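Model, not experiment: these values are computed from the prediction. Just so it is clear: chains get the letters A, B, ... in the order the sequence lines come, proteins before strands, and each one is counted from 1.
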Amino acid sequence: MFHLLWLVPAIPFASAALLLIFGPRMSHRMAGFLGCASIGLSALISILITWRFIALPPPGGNYTQYLWTWMNVAGFHPDIALYLDTLSLIMVLVVTFVSFFIHVYSVEYMHGDEGFSRFFGYMNLFVASMVVLLLGNNLLLLYLGWEGVGLCSYLLIGFWYTEPKNSLAARKAFIVTRVGDTAMALGLFLLFDKLGTLTIQPMMHAAQLQWPHGSVYATAAGLLLLGGACGKSAQLPLQTWLPDAMAGPTPTSALIHAATMVTAGVYLIARTHVIFQLAPTAQLAVAVVGAVTLVAAGFAAVTQDDIKRILAYSTVSQIGYMFLGLGVGAWTAAIFHFMTHAFFKALLFLASGMVITSMHHEQNIFKMGGLRKKLPLTYWAFVIGGCSLAGLPLVTAGFYSKGLILWGALSSPVGSTWLWIFGVVGVFMTSLYIFRLIFITFHGECQKEPSHRPGWLMGVPVIVLSTLAIVGGFVELPSYLGNHPWFTNFLQSSLPATIEAHHPLMSELGAEGWAVLAFFLGLGGAWYLFLRHREVPEALAAKGLGRALHRWWYTDWGMDWLYDRLFVRPVGWFSRTNKTDAVDLIYTGTAALTRAGWASLRLTETGRVRWYATALVLGTVIFVLIVALL
Amino acid sequence: MSSADFVALLPLIVLGATAIVVMMSIAFRRSHALASTLTLVGLAVAFWSLWPAAGEVPRQVTPLLVIDRFALYYFGLIIAATFAVVLMSYGYLERHDVRREEFYVLLLVAALGSAVLVSSDHFISFFLGLEILSVTLYALSAYLTERGIALEAGMKYLVLAAASAAFLLFGMALVYAETGTMSFPQLASDFAAGGAAHLWVLAGIAFMVTGFGFKLAVVPFHLWTPDVYQGAPAPVTAFVASVSKGAMFAILLRFFYQSGSRDLHATLLIFGIIAIASMIAGNLMALFQNNVKRILAYSSIAHLGYLLVAFEAGGLFGAAAGTFYLTAYMITTLGAFGVIAVLSASGRDAEDIEDYRGLFWRRPGLATVFTVMLFSLAGIPLTAGFLGKFYTVAAGTNSSIWVLIFVLVATSVIGLFYYLRVVVALFATEHIPSDAERPLPVVPAMGGVTLGVLALALIWLGVYPHVILHAIQSAMSGIF
């Protein structure tokens, strides 16, 4: 069964090639079918492999499929090999499974679009790259996948490229993540240089043996990898590209910019957790980045009026939770939250796509309202997704995964009360912004009639994901609910368990109580401010300090403004004024020199045999002279 | 000669016999299809006969020929490349109003000459092989007699090749006069005993360099290349660029490695100068050239310069890197000239860069194949050309020949310009000539399939070079 593993990336890759080459000549029906069927097959194989993995785990809890060696030069011999352990298994399963439903949804969403087959080609290529990222057994393959998903993200954000705004957003995403990628590449070079192998598992083993706890190399490598993770996963200070990335088609936002690609940073840190365990400073940095991001993005989300931007900030904030989990050593909790987040955030995006298509591509929530009766399925999808996101106690998946992270932040030896307080404030903010969105969009007065109800191709994926957003959390029940940590146990073979010290002041149940309180405070606040007394927030934001704060949060703490002043403009100014500088001379000089070389050498090519023969003789004479004189 | 000798010589015998059979068939009945089919069958049998021959190696057959793994590897390359040339010639010749059948006889004899060349370890067989190859190439270059430019190419090639052969022969005579032997292994023992230091021997080797340099088309013996490449029919150019140069590089390796004269200070110096001059001149002269055949001719000068870098690197690694590079280069040139061949109408070859403007939108498959070939020539990763260059540079750094490596890297960058110029023309979206302005012939099925296979082979070698590397490594046992 495991030997089918290579098919998981190969099938989507093949179908992407078919779609991109022959797509323009294919009917939309055919392209849609091919796009979905390939991912469906991949998902099916992942399910089979998972089933086999649970029923009869491979020896050592991992399986390596060795395909071939790319080249073998002077000790540098990158293998093309796939590595399957419980961590990559869970991620691949969730990615292919969620992707499949998003692809099905896209068939209806993208119906009639000019670039229909191109869209599915990019999406399939994305899934293939993502799986390569997750399954690569060495850093080169991981990097290949990492860049592959970045490329697809770029292509899909700028999918409707005739609109300059979209191309700009795509470019911004590409450049900002590039900053992180540079840090990551440096980190990989450092690891390869110091540990002498590219294969991840031996590398981790070597790190454990060679580097003492708190080693400088481990800290440097950890911080550089964190830089890469921040770029890809849109964490402070590199989060600015994600809200703009919403320019892409909504299924793209759901798949790439919510459920899968943006969690690649989480995977990277989990995969290299040994490095972070050796470097407490780097690990603390991960936790702090996560904690600050999750609160900051929460404030930004509360002030947005574009439905997709709210969800984008929410994604930034939720990945902040995952980073917090990783940073306090609650490894499995972070992966657990990745899984539930993939379910409920994909659900929310798909549901928002339904709203957008039926509202004639209106995205401003203040121009909607009262959609509850008109779009009941969408409404309930939002309620379920929103409750799961904010963590409605006991019945939603988000409650369990977030609870696990919060308890880890408080009780873990590397956690602290401060990190926990940030997490609880985040719960309040989450609850506030998501119910604000729901109340404004679906309650109140109807401002605009929806044009149609979404069909079953969009409906079925939403129903499936709604179900998962609820039951997906029951695979891990905390101690006060019978203590069934199935998920943690499953991941045990690839990730260390959280070392749970008991907190002196609070029990797990008590800590959970605070989070539940924060949830209900947020819900109540949203109800009061955005359903009952809408004039209150408007009045608050209208003048003085309130207006300034609103403006500040609305622009995501003015980060874009700051970067524009700090980097974009100075660089632009510098390059404009420096257009014809000395450095350029080197290039224009080289060009002029080669041109001159061409112009003089072409004179030798006369077409006359007598000159050709003369050259031949002259050459011989020179060489004989060299020999004679030496 | 024993029966084992015959088995070892089987590839040569089959090639020669096929030429005779095709000639006889023409005497009885002129049929293009029959002649080409017989040729293909003969080549296939010759290729198959490599396996029985491999059971008998290494074997010295008469003092003239040695059949070892090195020779067999190059036999394989020569036969496969000739096979590809035949496939693309069929459609090309169909469009021309000439006597088509003799073309294949000449091609087979040229392949035989190349095969003799790579298996010779004696001056006599070396010279015989070279002349068999050269004489057929004169005729092949001027095959389309109605074209003035083809006759010109044939004449130029004849005059200059004869002159360079004279130098080669004179060099051999000098070496023989001093050492009294013409066999490479005996030369080796003589040189090892100190005979190499003698002035007449060194002068002889310097004269021989002219013969090598002319056939390899390296500076300063390169001037004929663009004229002949342009004038000769596209499939013949493909043959000259791949098989003839490949065989010459093989005998270069064999002579200089086996006789031990590669390690002479003078040899290294002369070939170092030639390599640097070829890399620079070849790449510079191609820059603003508008004739695709001439671009490829200049590019071949540069590529032979790169190959000489591998030769300069020396050792097992250098020879293996050179052989891999050559394998990749043969596939690439066959593909590139194959594209020109299938696009050429009866009056003229498709050699103007304007012929390729916007080709991607008119013939996407051909344009893709051509792009792959150009990328490989430029050395872009995932193609065999990249790995070839990579191994060459690796071999060079092993031997610390930094000047050559530097020139290789710098001129490769310059080379990128003219390869990309063609690629840009292929994908241009504006000023695409209409079918009325520049009509495109129907791509013959056989030619199209051949090109597809060549493109796949190139990427296969670039991604999964294992099999070929293994074969090359064992082939190198022949000269070490």
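- The neighbour count for M26(A) CE, taken as heavy atoms of other residues, nucleotides or ligands under 6.0 Å away, is above 12.
- You'll find the side chain of R595(A) stays beyond 4.5 Å of the side chain of L287(B), heavy atoms only.
- At a heavy-atom separation below 4.5 angstrom, chain B is approached by A615(A), L616(A), V617(A), G619(A), T620(A), F623(A), V624(A) within residues 615-624 of chain A.
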Could you check I270(B) against V627(A) for side-chain contact (heavy atoms from CB on, under 4.5 Å), going step by step and ending with a plain yes or no? CA-CA 9 Å; I270(B) 291 176; V627(A) 171; 3.7 Å; yes
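- When the shell of 6.0 Å around OH of Y419(B) is examined, it contains more than 12 heavy atoms from other residues, nucleotides or ligands.
- With chain A as partner, the option from G204(B), P226(B), S164(B) having the largest number of non-hydrogen pairs under 4.5 angstrom is P226(B).
- Take T64(A) and apply the side-chain hydrogen bond (donor to acceptor under 3.5 Å, both in side chains) test, not counting sequence neighbours, and it matches no residue.
- Between T594(A) atom OG1 and I280(B) atom CD1 the span is 12.0 Å, to the nearest 0.5 Å.
- Contact of F417(B) with chain A is not made at all, since no heavy-atom distance falls under 4.5 Å.
- Outside the 6.0 Å centre-distance limit, the rings of W224(B) and Y612(A) are not counted as a close aromatic pair.
- Neither the backbone nor the side chain of I205(B) comes within contact range of chain A, judged by heavy atoms closer than 4.5 Å.
- Of all the listed residues (T210(B), V219(B), I414(B)), the one sharing the greatest number of non-hydrogen pairs under 4.5 Å with chain A is T210(B).
- With contacts defined as side-chain heavy-atom distances shorter than 4.5 Å, the pair M285(B)/T604(A) qualifies.
- Most heavy-atom pairs under 4.5 Å with chain B: of the set G607(A), A613(A), A599(A), this distinction falls to G607(A).
- Other residues, nucleotides and ligands contribute more than 12 heavy atoms inside 6.0 Å of the CZ atom of F427(B).
- Here the CD atom belonging to E605(A) is positioned 7.5 Å from the OG1 atom belonging to T225(B), to the nearest 0.5 angstrom.
- Sparse packing is recorded around CZ of F13(A), with 12 or fewer heavy atoms of other residues, nucleotides or ligands lying under 6.0 Å away.
- Remark: W6(A) CH2 is loosely packed, at most 12 non-hydrogen atoms of other residues, nucleotides or ligands lying under 6.0 Å away.
- Chosen from F207(B), F221(B), F288(B), the residue pairing most often with chain A at heavy-atom distances under 4.5 Å is F288(B).
- Counting non-hydrogen atoms of other residues, nucleotides and ligands closer than 6.0 Å to CZ of R171(A) gives a total of 12 or fewer.
- Between R602(A) and L284(B) there is no side-chain heavy-atom pair separated by less than 4.5 Å.
- Looking at F167(B), the atoms closer than 4.5 Å to chain A (heavy atoms on both sides) all sit in the side chain, from C-beta outward.
- Around the OH atom of Y161(A), the shell of radius 6.0 Å holds no more than 12 heavy atoms that belong to other residues, nucleotides or ligands.
- Only the side chain of L269(B) comes within less than 4.5 Å of a heavy atom of chain A; its backbone N, CA, C and O stay farther away.
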